[in-house]
Amino acid sequence: MHPTPTIHWTESGQSCCAQWRSERGAPAPKRVVLANDTTTADDAYHLACAGTALLWRGDFQNARQLLLAMARRIDKTPARKKRGQTKPAANAPVAPAEAFNQHRLAQSQRARVLGMLLIPFDADRHIPLRRAPDTRLACAEAWGPMVDTDGPSVASLRDLLGMTSAHEWRKKGVEIRALGAGPNNRIHPHYGVFSPVRGEYLDLVASAPLPPTGQTPYTSFDIGTGTGVLAAVLARRGVAGITATDQEPRAIACAQANLALLGVERQVQLCQVDLFPPGRASVVVCNPPWLPARPSAPIEHAVYDEGSRMLLGFLGGLAEHLVPGGEGWLILSDLAEHLGLRSRDQLLETFARNGLTVRGRMNAKPLHPKATDPADPLHAARAAEVTSLWRLAAAT
């Protein structure tokens, strides 16, 4: 077992330490200074940029305002200035892949700097600051229940705000049109499990024709189930035997809770495994991460698939997990193609190399706000993006 990481600082002439918590897996800062209501946004920003963390001892709500002020300073600083690059020639075209890499680098730098504003927690996860909210339930959902070895800890305010936001989403839920009308059509994402906010791919799964394989009972696999939303859509379509897999314990717990709330838990068996369960099915559904890039935080594994590991694993094992006449439904955006990260020819060649043929393809345009936001750094690619459900079958 790995030792619990700790953070160290000096306060009132005494050496202090506490457990370090980082949802991004960031190492504990080596340099820590105390900050309070007298700390200016400029000072905080420059210290954070230099790699010095600020452990907050003032009013909690003032810490939130300071974080917003630091973010404004980051967002108005040109990315090339932060990287020390020279100004490009006027109207010089930027390749889509380079624009993507610059955007990712800027995101990473922004997260690093904002992650330097730290909040203390007592052993019972109470925040010992003025006007601090009670976030113990949100912490429990993210960190798990308290154990005897827990003591005082420190985490970034940015992480804490992410946990409290996830807690509110979990309570409220996300309305899923593909689950039908009425009050019982919400998915409640847990912390660390990607929320199904893009409804266009769910509508594709709800409307794609089920292949008539003659299998009794009719079965389906949902690979990488996450919140369990695709398994729930298939169950609402009448599929009686569904096996939903995920390798993340958080996802399995989230899917189990959602399927029970939706009343379809008897139709779905959950299996904590990487990719496929044993056996074959009439329909094998997979919505892998759409962009072949390295994730910088656990939550980003739902968006970024380094080396296309999940996509290639799914396509490599699909044929042997289909019953005769069965189909694999690959839900995939072509955003990677517009960014120059993967070509359509490469995707089609991967199908053929793994003994798969395309029976059909259903397309949908994304409806999320970034698709129509000209200020988004990746607007050109997002505006051209199409989400597809590829109907794949084993080649005869």
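Just so you know, these numbers come straight off a predicted model, no measurement behind them.
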Do [Y] and [X] meet the salt-bridge criterion of a basic N to acidic O distance under 4.0 Å?
X: Asp37; Y: Arg57; answer: no
X: Arg104; Y: Glu98; answer: no
X: Glu385; Y: Arg382; answer: no
X: Asp334; Y: Arg342; answer: no
X: Arg344; Y: Glu337; answer: yes

Treating [X] as the side-chain partner and [Y] as the backbone partner, does any N or O pair qualify as donor plus acceptor under 3.5 Å?
X: His338; Y: Ala384; result: yes
X: Asp246; Y: Gly226; result: yes
X: Thr40; Y: Asp43; result: yes
X: Ser12; Y: Gln14; result: no
X: Trp20; Y: Ala26; result: yes
X: Trp143; Y: Met146; result: no
X: Thr219; Y: Gly241; result: no
X: Glu327; Y: Ala393; result: no
X: Thr164; Y: Leu160; result: yes
X: Arg186; Y: Asn258; result: no

Side-chain contact, heavy-atom cut-off 4.5 Å: [X] with [Y]?
X: Lys30; Y: Ile7; answer: no
X: His190; Y: Ser195; answer: no
X: Leu55; Y: Val33; answer: no
X: Arg198; Y: Thr387; answer: yes
X: Gln247; Y: Val273; answer: no
X: Pro128; Y: Phe121; answer: no
X: Thr135; Y: Met163; answer: no
X: Gln272; Y: Pro249; answer: yes

In a table with atom names and distances, give each donor-acceptor pair under 3.5 Å that connects a side chain of residues 278-290 to protein atoms at least two apart or in another chain.
from, atom 1, to, atom 2, distance (Å)
Arg280, NH1, Glu320, O, 3.2
Arg280, NH1, Leu322, O, 2.9
Ser282, OG, Thr213, OG1, 2.5
Ser282, OG, Gln215, OE1, 2.7
Asn287, OD1, Trp290, NE1, 3.0
Trp290, NE1, Pro288, O, 3.3
Trp290, NE1, Ile331, O, 3.3

List the atom of [X], the atom of [Y], and the distance in Å for their closest heavy-atom pair.
X: Ala293; Y: Tyr304; result: O-CB, 3.1 Å
X: Gln61; Y: Pro133; result: NE2-CD, 4.4 Å
X: Pro211; Y: Arg359; result: CB-NH1, 4.1 Å
X: Ala206; Y: Ala178; result: CB-CB, 3.8 Å
X: Leu234; Y: Ser220; result: CD1-OG, 3.2 Å
X: Ala208; Y: Arg237; result: O-NH1, 2.6 Å

Do [X] and [Y] belong together in a cluster built from hydrophobic side chains that touch within less than 4.5 Å?
X: Leu179; Y: Val174; answer: yes
X: Leu262; Y: Leu230; answer: yes
X: Leu261; Y: Val264; answer: no
X: Leu335; Y: Val386; answer: no

Value rounded to 0.5 Å, distance of [atom1] in [X] from [atom2] in [Y]:
X: Glu248; Y: Cys254; atom1: CD; atom2: SG; answer: 12.0 Å
X: Leu270; Y: Thr245; atom1: CG; atom2: OG1; answer: 9.5 Å
X: Tyr45; Y: Arg73; atom1: OH; atom2: CZ; answer: 9.0 Å
X: Arg112; Y: Leu114; atom1: CZ; atom2: CG; answer: 10.0 Å
X: Asp305; Y: Leu341; atom1: CG; atom2: CG; answer: 12.0 Å
X: Leu332; Y: Phe314; atom1: CG; atom2: CZ; answer: 10.5 Å

Do [X] and [Y] have side-chain N/O donor and acceptor atoms under 3.5 Å apart?
X: Ser165; Y: His167; value: no
X: Asn36; Y: Thr38; value: yes
X: Asp222; Y: Thr225; value: yes
X: Asn363; Y: Arg361; value: yes

Residues at least two apart in sequence or cross-chain that pass ring-ring contact (aromatic ring centres under 6.0 Å, His included) with His188, listed by chain then number, are none
Does the structure place the NZ or CZ of Arg391 under 6.0 Å from the centre of the six-membered ring of Trp329, at an angle of no more than 45° from the ring's axis? no
Residue set satisfying side-chain contact (heavy atoms from CB on, under 4.5 Å) with Ala364, at least two apart, ordered chain then number -> Glu200, Leu204
Across all chains, not counting sequence neighbours, the side-chain contact (heavy atoms from CB on, under 4.5 Å) partners of Asp134 are Arg136
**Asked** What's the verdict on salt bridge (charged side-chain N to carboxylate O under 4.0 Å, His left out) for Arg64 and Asp59, showing C-alpha distance, side-chain angles and the deciding distance?
**Response** CA-CA 9 Å; Arg64 294 191 62 168; Asp59 180 271; over 6 Å; no
Residue set satisfying side-chain hydrogen bond (donor to acceptor under 3.5 Å, both in side chains) with His46, at least two apart, ordered chain then number -> none
Inset, instruction - Look at the aromatic rings of Trp390 and Phe351 and report parallel, tilted or perpendicular, splitting at 30° and 60°. - result: perpendicular
Result for side chain to side chain contact (heavy atoms under 4.5 Å, CB included) between Leu318 and one of Leu330, Leu356, Ile223 points to Leu356
More than 12 heavy atoms of other residues, nucleotides or ligands under 6.0 Å from CD of Gln19: yes or no? yes
For residues 216-246, the ring-ring contact (aromatic ring centres under 6.0 Å, His included) pairs (sequence neighbours left out) are none
Quick one, Arg125 with Asp150, criterion side-chain contact (heavy atoms from CB on, under 4.5 Å). Give me CA distance, side-chain angles, the key distance, then yes/no.
CA-CA 9 Å; Arg125 298 177 179 172; Asp150 280 348; 3.5 Å; yes
